[in-house]
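We name chains A, B, ... by the order of the sequence lines, and we start the count at 1 in each one.
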Amino acid sequence: MKSSICLRHMAVNQKGVIRIVGGHGETGRRIRDMGLVPGVEIQVVGRAPLNDPVALRLRDFTLTLRNNEADYIFVEIDDEK
Amino acid sequence: MKSNKPKIRIALTGNPNSGKTTLFNALTGSRQHVGNYPGITVEKKEGFVESPEHVLHFVDLPGTYSLTAYSQEELVARNYIIIEKPDLVVDVVNAASLERNLYLALQILELGAPLILALNMMDEVRKKGITLNTSLLEQRMGCRVVETVARQGKGKQELIETIISLKSRKDELKAPVEISYGPDLDPVLNEMVAVIKESGFMTETYPARWIALKYLESDEEIISEGRRKSRDISKKLEGAAEEVAEHCLKTLKTYPEAIIADYRYGFISSLLKDVVTRDQQRQRIEMSDHVDRFLTHRMFGPLFMIFVLYMVYNLTFFVGDIPLSLIEDFFGWMGDMVRGVMPDGLLQSLLASGIIDGVGAVLSFVPLLMIIFFCIAFLEDSGYMARVAYMLDRVFSYFGLHGCSIMPFIVSGGIAGGCAVPGIMAARTLRSPREKLATILTAPFMTCGAKLPVFLLLAAIFFPANQALALFMITILAWASALLVSKFLRSTIIRGPATPFVMELPPYRMPTLRGLLIHTWERTWQYIKKAGTIILAISIIIWAAMTFPQLPEERLEYYDSQAAILNDDLRSLNGDAGFHEKMAEILSDQERIEFSLAEDQLAYSYAGRVGTFLEPLSSWAGFDWRINISLVGGFAAKEVIISTLGTAYSLGAVEEDDTSSLAERIKQDPDWDAKRAISLIIFVLLYAPCFVAVVAIARESGSWKWAGFAMVFNTVFAFGFSTAVYQTLNFFI
């Protein structure tokens, strides 16, 4: 089974494929500039000491974003994992 | 450059952390020039390379991920490419993450700029087990590709040769790259391009399709320029863009700008097919990820960070203290020498107290700045600064600041004893304009080393049993003020949404010593050159304010006559019994007259008059004219508060490391009590930054308006706070 959840709710080490990237204006722009677009595979690699921001691993690099920015991103995950 | 050889202008662009600046340093070495783009604080770096037949003029554009108009850096990079039209653009890409890096390259090609790709960090690529087919990439991108390892200077020569060869065959440069944006956008793009081409709308500056794209992306910069050129055509284009945006939202639940980004990445993916081959066996977890398990760990991460920040602080102020005191001693000695050699008078005073002290003040900051710039460059280049921002962002973003604000705060005196000047300059790591401004404006509230002697003096007199506690409370008050005022500023005059945090966590890398040294030197030199001259000028103005007008003749004559009497007494002394006692008495009388002359002169000066004039107002906070004068003097440097207070109490200039005479005087003075001490401590902590810090604020915020604001706002805030506390204490005690 596959299902889609918001990036904010992903656990550390969970993997998935980005399906939807909402948001426009500066925030949406920055998210897309960094390569967060539909079809990209990501893994949550860590969260800051206060749970926010979140660190993501894309294929070739690591980036961080705040939870309120992660809200724009929906990720398809395998339910079994 | 004085050279008759033909000049080639090359712009260097690239993502942050792509090694662009390292390549720039490798290419140009020490032949660099750093300045600012007019009106903004983005650094402009230029450098030269001379080949047998050409002079290559490199401009290091700010590192960006994209060419939108959202940040100063991006605008600078974009406008440079479009308006200055460099002969060539070299895009430095991190070959280890080609996909994301080519996003910028593609936008440069869409602008129609002549591009060379520098595939940097090829050593890391090989280590990762990735093979790149460079010639295939060259063919698909339609531009030259050069492999480099900037840290080792590899590929540098090839890049220079490629630049020269392309320059001499200019006709080969191609038209702007046009990629398809899919069935939803392509038709409308074509319509818009037709309108633009037909009317020649801004086509003298930009490619037509690019203009249409920017309208679809609702790029404010281009749209407002378009409106100025022609309202009608701009309206037509805006209408078309709006229509398609509505359509996209309805049918696809997305925005045109999102579709554009998707298609760009899609285009890049197809470009890279067969170009990048990964050795699956070597897909291992990288060293950086291992290190991060520890360095950004929930518990160890913050602990290690505190340790690092503490070490930076110690290095700056304890190691920096050695050259600092050498410089201070040297200028102290110069001043004494001038006072000894030259006859007393205005010229001597101007030279010794105005100019020599002023130059000394400028240069005494240099060792601190060099160390802090070095440390910051190290933390940035190694990748650790990004982790600090990551770990602290939650806390600081609450106050409208950024995780990187920690460094300026700590250096300014977040650990008591810092200095706001290097602190403000440390705010350069912040790339979010509003957060940076709030940091710069609130960092001076911290307990800098120059405010400490005042606190120590007052705490020792009025809270002898709780000195450590008092100092701790002062530090807490400083932090609380900085954070709360910044929250206040960010919700009033620097209001605006938080700048998005989306940020790369670059892999840990060992910085190159050469890069660190170049960085340190150029920032320090900028301080000496730009801030130094202004600081010297203001220091002379302050000297004048505390020296002029001179006492009227009759007052001076009175002191002269008193001194003459004592001189006669001294001369008439003979070897009688009690000779030593009499001698001592006369000498102390002499000193007293000298000191009261100094006090009289100070009170008579402009600074003194301001102090007296303000007494009715300042008495609300419990300050008399003597304190007022010393606070005016404190604007020159907070160290001056104590020595001026000494002069105002006829004690001569009190040294900050020996305040016993002043402490004695204050203890016996019935006007002084704990209420006044607390009020004064609060005021000194929070009022206008010293003028060197004010100059630093002006430099780093890019505007004297904010420097003026810091002076006025901080003083009003400090006075309000002190008055409230003083009056409350008065009421209850």
**Student:** For chain B, which of Val37(A), Thr62(A), Leu50(A) has the most heavy-atom pairs under 4.5 Å?
**Tutor:** Thr62(A)
**Student:** Sort Val54(A) into side chain, backbone, both or neither according to what part of it lies under 4.5 angstrom from a heavy atom of chain B.
**Tutor:** backbone
**Student:** Do you know which of Met299(B), Glu217(B), Gln107(B) has the most heavy-atom pairs under 4.5 Å to chain A?
**Tutor:** Glu217(B)
**Student:** As a quick check of understanding, evaluate salt bridge (charged side-chain N to carboxylate O under 4.0 Å, His left out) for Arg66(A) and Asp393(B), giving each step before the final call.
**Tutor:** CA-CA 9 Å; Arg66(A) 292 189 180 128; Asp393(B) 183 70; 2.6 Å; yes
**Student:** Does CD in Glu76(A) sit with more than 12 non-hydrogen atoms of other residues, nucleotides or ligands closer than 6.0 Å?
**Tutor:** yes
**Student:** Out of curiosity, Leu58(A) CG to Ser97(B) OG, how far, rounded to the nearest 0.5 Å?
**Tutor:** 10.0 Å
**Student:** Tell me whether Phe307(B) at atom CZ has more than 12 heavy atoms from other residues, nucleotides or ligands lying less than 6.0 Å away.
**Tutor:** no
**Student:** Using modelled atom types and a 3.5 Å cut-off, is there a donor and acceptor pairing between side-chain atoms of Tyr390(B) and backbone atoms of Ala48(A)?
**Tutor:** yes
**Student:** Decide yes or no for Arg57(A) and Asp289(B): does some side-chain heavy atom of the first lie under 4.5 Å from some side-chain heavy atom of the second?
**Tutor:** yes
**Student:** What part of Ala70(A) gets closer than 4.5 Å to chain B, counting heavy atoms only: side chain, backbone, both or neither?
**Tutor:** neither
**Student:** Atom CD of Glu74(B) and atom CZ of Arg29(A): how far apart are they, to the nearest 0.5 Å?
**Tutor:** 8.0 Å
**Student:** To the nearest 0.5 Å, how far apart are CZ in Arg32(A) and CD1 in Ile260(B)?
**Tutor:** 10.0 Å
**Student:** Backbone N or O of Gly25(A) within a donor-acceptor pair of the Glu257(B) side chain at under 3.5 Å?
**Tutor:** yes
**Student:** Kindly give the heavy-atom pair with the smallest separation between Arg298(B) and Asn51(A), and that separation in Å.
**Tutor:** NH2-OD1, 3.2 Å
**Student:** Look at Gly23(A), Gly22(A), Gly39(A) and state which one has the largest set of heavy-atom pairs under 4.5 Å with chain B.
**Tutor:** Gly23(A)
**Student:** Heavy-atom cut-off 4.5 Å, strictly under: side chain, backbone, both or neither for Tyr70(B) against chain A?
**Tutor:** both
**Student:** From Thr254(B) OG1 over to Ile20(A) CD1, what is the distance, rounded to the nearest 0.5 angstrom?
**Tutor:** 9.0 Å
**Student:** Just verifying a value: how many Å separate Thr27(A) OG1 and Phe501(B) CZ, rounded to the nearest 0.5 Å?
**Tutor:** 13.5 Å
**Student:** How long is the span from the OG1 atom in Thr499(B) to the CZ atom in Arg30(A), to the nearest 0.5 Å?
**Tutor:** 8.0 Å
**Student:** What part of Ser218(B) is in contact with chain A, defined as an atom under 4.5 angstrom from a non-hydrogen atom: side chain, backbone, both or neither?
**Tutor:** neither
**Student:** Quick one: does any side-chain atom of Tyr265(B) pair with a main-chain N or O of Asp33(A) as donor and acceptor, under 3.5 Å?
**Tutor:** yes
**Student:** Around atom CZ of Arg394(B), are there more than 12 heavy atoms from other residues, nucleotides or ligands closer than 6.0 Å?
**Tutor:** no
**Student:** Of all of Ala258(B), Ser269(B), Gly301(B), Ser66(B), which one pairs up most often with chain A through heavy atoms under 4.5 Å apart?
**Tutor:** Ala258(B)
**Student:** Report yes if some heavy atom in the side chain of Glu26(A) is under 4.5 Å from a heavy atom in the side chain of Val502(B); otherwise report no.
**Tutor:** no
**Student:** Is the number of heavy atoms from other residues, nucleotides or ligands within 6.0 Å of OH (Tyr72(A)) greater than 12?
**Tutor:** no
**Student:** How close do Glu69(A) and Pro500(B) get, counting heavy atoms only, and between which atoms?
**Tutor:** OE2-CA, 3.2 Å
**Student:** Chain A heavy atoms under 4.5 Å from Ala96(B): which part of the residue, side chain, backbone, both or neither?
**Tutor:** backbone
**Student:** Are any non-hydrogen side-chain atoms of Leu63(A) and Leu505(B) less than 4.5 angstrom apart?
**Tutor:** no
